[in-house]
Student: 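Following this message is one structure expressed as structure tokens.
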Amino acid sequence: MAQIGYSKKVMEHFMNPRNVGVIENPDGYGKVGNPVCGDLMEIFIKVKDDRIDDIKFRTFGCGSAIAVSSMVTEMAKGKTLDEAMKITRKDVADELEGLPPQKMHCSNLGADALHVAIKDYWVKIGKIKPEEAKAEGEEGEACGTE
Ligand code: FES
């Protein structure tokens with residue numbers, strides 16, 4: 001199969017994504033969408049001792065978004081919430097050994113949904129206020145930009 005500039009790791013996570021699914025009654029839930037391409041990402045987390053004990057994702061997104069979400073869930077699992085908040089879209093893309101330039105924006109959804117899920121949990125436990133829990137929209141890039 002032609003790989004069209006995708007790294008082996010991207011293809012591997014796309015073909016065999018980790019942590020796909022839904023967690024019933026999650027401690028934190030994040031959903032982010034992109035108004036341009038319509039792709040949607042959901043992340044569910046369970047928290048134990050301030051760490052991400054379990055994490056699952058569901059996406060209606062492109063192949064890169066699937067690989068990114070799979071990778072971001074692997075990176076976040078077992079980390080403390082503060083550590084997981086520091087995972088950036090670049091970290092995810094780096095772990096995947098890069099994405100083609102026109103697909104770099106797809107790595108936004110995974111990190112953003114993770115951060116929203118963590119903030120959702122922090123709102124529930126009263127650590128932050130609801131208005132502080134908005135998606136950050138790192139760099140404001142949209143799917144469909146070149
Ligand atoms: Fe929208 Fe990849 S996430 S095209």
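Because the structure is a prediction, the values reported are computed rather than measured. Both ligands and their constituent atoms are indexed starting at 1 by order of listing.
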Student: Taking only heavy atoms of K103, which atoms of ligand 1 are found under 4.0 Å from at least one of them?
Tutor: 2 (Fe), 4 (S)

Student: Enumerate the atoms of ligand 1 whose separation from the nearest heavy atom of L109 is less than 4.0 angstrom.
Tutor: 3 (S)

Student: Answer yes or no: are there more than 12 heavy-atom neighbours, outside Y29 itself, under 6.0 Å from its atom OH?
Tutor: yes

Student: I'd like to check which ligand 1 atoms, numbered from 1 as shown, lie under 4.0 Å from a non-hydrogen atom of C106.
Tutor: 2 (Fe), 3 (S), 4 (S)

Student: Once rounded to the nearest 0.5 Å, what's the spacing between atom CG of D54 and atom CD1 of I23?
Tutor: 4.0 Å

Student: Look up atom CE in M71 and atom NZ in K9, then write down how far apart they are to the nearest 0.5 Å.
Tutor: 4.5 Å

Student: So which of the N, O or S atoms of D39 lies nearest atom 1 (Fe) of ligand 1?
Tutor: OD2

Student: Is a side-chain N or O of R58 found less than 3.5 angstrom from the main chain of K56, in a donor-acceptor match?
Tutor: no

